[in-house]
Number of protein chains: 2
Amino acid sequence: MAKLKKSIEKRNALVKATIELVNNNGFHATPMSKIAKMASVSPATIYLYFENKQDLVNQTYVDMKAEYTKYAFETYKESMPVEEGFKLIWKRIADFKLKECESAMFLAQCDNTPMIDESSRQEGIKHLQPLLDLWGRGKKEGIIKPMSDYLLYAYSINPLSFLMISQKRGAFTLDKTHIEEAYEAAWNSIKNCK
Amino acid sequence: MAKLKKSIEKRNALVKATIELVNNNGFHATPMSKIAKMASVSPATIYLYFENKQDLVNQTYVDMKAEYTKYAFETYKESMPVEEGFKLIWKRIADFKLKECESAMFLAQCDNTPMIDESSRQEGIKHLQPLLDLWGRGKKEGIIKPMSDYLLYAYSINPLSFLMISQKRGAFTLDKTHIEEAYEAAWNSIKNCK
DNA sequence: AAAAAAAGAATGAACGTTCATTTTTAAATA
DNA sequence: TATTTAAAAATGAACGTTCATTCTTTTTTT
């Protein structure tokens with residue numbers, strides 16, 4: 001239970017190394033020994049902080065999901081009008097995916113593979129609640145299409161992951177103009193056209 | 001070089017087993033021995049058809065990408081008007097992701113991880129050319145927003161991957177109505193609003 | 001009967017994890 | 001404050017296992 005006292009910096013270094021190695025080589029090609037080396041730690045030390053490799057990846061996922069949503073909702077207030085609130089959150093998310101590109105890449109990889117345990121995945125989803133609440137409000141007010149949240153997410157949020165990955169692969173560069181265009185496309189796809 | 005003559009059924013069984021195991025367990029947890037067992041073949045036999053594990057996964061990826069795009073463009077003709085052509089291709093893609101769910105899942109996993117060699121990834125991209133040509137035509141005619149192809153893809157095609165994965169995870173079910181809504185959202189996000 | 005294909009068993013390397021030991025930290029004592 | 005001491009944290013080497021791949025033999029095909 002009480003696994004605290006131990007150096008939080010060491011834990012962070014391990015999480016960071018995990019992200020970097022999994023991003024670049026994939027889960028299947030990131031041995032614990034490399035993670036340890038990159039974190040300047042003995043392989044045995046990893047097991048003081050994490051149960052095993054799966055636990056390390058699970059915790060890294062949940063940690064990053066929390067960081068991601070914390071950033072996304074930091075400046076949002078439930079009192080905001082729907083459109084303003086959505087724009088704000090959307091921009092924060094776009095911002096995060098550009099600035100904290102490593103974390104975002106790792107999340108994208110986890111979300112599209114079976115590498116994370118189902119329970120950790122569920123835990124990650126919980127953090128998105130404020131956005132779902134905002135959409136619920138938007139639907140009630142007739143501002144947002146009365147669609148499944150999955151559809152709303154697929155069209156207004158998820159495309160950013162694809163763009164981020166394309167950018168990371170060097171295929172193209174996501175600049176300010178692109179972000180504006182992307183926001184328009186996102187909003188157009190979920191807003192209720194009168 | 002000439003690796004033909006050998007049973008094509010055996011090769012297909014290996015590719016199919018690879019897809020199923022990687023989909024369910026991830027690359028890191030699909031040993032060659034399991035692939036062999038599922039394909040009812042000796043582990044050594046795999047090496048008559050593929051150079052090594054990486055080559056097996058690469059070829060599986062390129063094969064599935066070819067199948068995917070063949071299906072997507074099968075009924076499309078370049079003589080079609082832009083909007084009609086897009087709708088047709090979009091529906092075929094949606095159809096493929098629902099019917100050939102296993103292949104589509106595998107492709108999604110490959111596209112979001114570093115598990116495929118860059119050269120195979122490039123080869124896979126080539127197959128999308130007809131869609132890019134259609135978009136080029138649409139932009140010239142002022143029907144489609146003058147955006148980067150990456151943005152067009154991110155908003156009009158890629159969301160289907162997210163929906164497919166959500167469906168596969170049992171989170172929700174993608175029915176006929178959803179597909180119609182999804183098409184509207186896709187078209188709204190890329191069409192040029194006058 | 002020769003060649004090609006397939007098989008199962010064998011191999012060596014790499015991996016996740018643990019063990020035995022040392023080093024560091026912090027509390028207790030003088 | 002300086003010294004001692006016990007617990008906690010950290011380590012490198014070792015362990016047992018699993019894996020991708022190869023080797024040798026058998027089966028199938030031509």
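Per chain, numbering begins at 1; letters A, B, ... match sequence-line order. For the numbers below, each heavy atom of this structure counts, side chains included, while hydrogens, waters and symmetry mates do not.
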**Atom CD of B:Glu118 with >12 non-hydrogen neighbours under 6.0 angstrom** = yes

For nucleotides 14-17 of chain D, which of its nitrogen or oxygen atoms have a protein nitrogen or oxygen under 3.5 Å away, and what is each distance?
none

**Prompt:** Do the ring planes of B:Trp90 and B:Tyr183 sit parallel (below 30°), tilted (30 to 60°) or perpendicular (above 60°)?
**Reply:** perpendicular

**Rounded distance (Å) that lies between atom P of D:dA8 and atom OH of A:Tyr49** = 14 Å

**Asked** Tell me the side-chain hydrogen bond (donor to acceptor under 3.5 Å, both in side chains) pairs involving residues 134-143 of chain B, sequence neighbours left out?
**Response** B:Tyr76-B:Arg137, B:Lys139-B:Asp149

**Check: A:Phe162 ring centre within less than 6.0 Å of B:Tyr153 ring centre** = yes

**Prompt:** Would you call the rings of A:Phe172 and B:Tyr150 parallel, tilted or perpendicular if under 30° counts as parallel and over 60° as perpendicular?
**Reply:** parallel

**Request:** Can you sort out the partners of A:Lys145 under side chain to side chain donor-acceptor pair (under 3.5 Å), two or more places apart, ordered by chain and number?
**Result:** none

**Request:** Take A:Asn188 and B:Asn188 through the test side-chain hydrogen bond (donor to acceptor under 3.5 Å, both in side chains) and record every step on the way to the result.
**Result:** CA-CA 6 Å; A:Asn188 282 339; B:Asn188 281 339; over 6 Å; no

**Request:** With rounding to the nearest 0.5 Å, note down the distance linking CG in A:Asn158 to CG in A:Leu152.
**Result:** 12.5 Å

**Pairs flagged by side-chain hydrogen bond (donor to acceptor under 3.5 Å, both in side chains) wherever residues 160-173 of chain A is involved - sequence neighbours left out** = A:Lys97-A:Ser161, A:Glu102-A:Lys168

**Prompt:** Expressed in angstrom and rounded to an integer, what is the separation of A:Leu48 atom CG from C:dT21 atom P?
**Reply:** 18 Å

Find every protein N or O atom lying less than 3.5 Å from an N or O atom of nucleotides 23-25 of chain C, and list the pairs.
none

**Prompt:** Can you give one letter per nucleotide of nucleotides 21-30 of chain D, 5' to 3': B if a protein heavy atom sits under 4.0 Å from the base, S if only from the sugar-phosphate, - if neither?
**Reply:** BBB-------

**Request:** Considering just the side-chain nitrogens and oxygens of B:Lys10, establish if one lies under 4.0 Å of OP1 or OP2 belonging to C:dA5.
**Result:** no

**Prompt:** How many Å lie between CZ on B:Phe27 and C1' on D:dA20, as a whole number?
**Reply:** 11 Å

**Request:** Could you check how far CZ of A:Arg11 sits from P of D:dA9, rounded to whole Å?
**Result:** 15 Å

**Request:** Could you check how far CG of B:Asn25 sits from C1' of D:dC19, rounded to whole Å?
**Result:** 15 Å

**Item:** Integer-rounded Å distance: C:dA5 P and B:Leu14 CG
**Value:** 15 Å

**Item:** Distance in angstrom units between B:Ile35 CD1 and D:dT18 C1', rounded
**Value:** 15 Å

**Message:** When you measure from the centre of the six-membered ring of A:Phe73, is the NZ or CZ of A:Arg92 closer than 6.0 Å and no more than 45° off the axis?
**Reply:** no

**Prompt:** salt bridge (Lys or Arg N to Asp or Glu O under 4.0 Å) between A:Asp63 and A:Lys16: does it pass, once the steps are laid out?
**Reply:** CA-CA 11 Å; A:Asp63 274 26; A:Lys16 189 156 182 281; over 6 Å; no

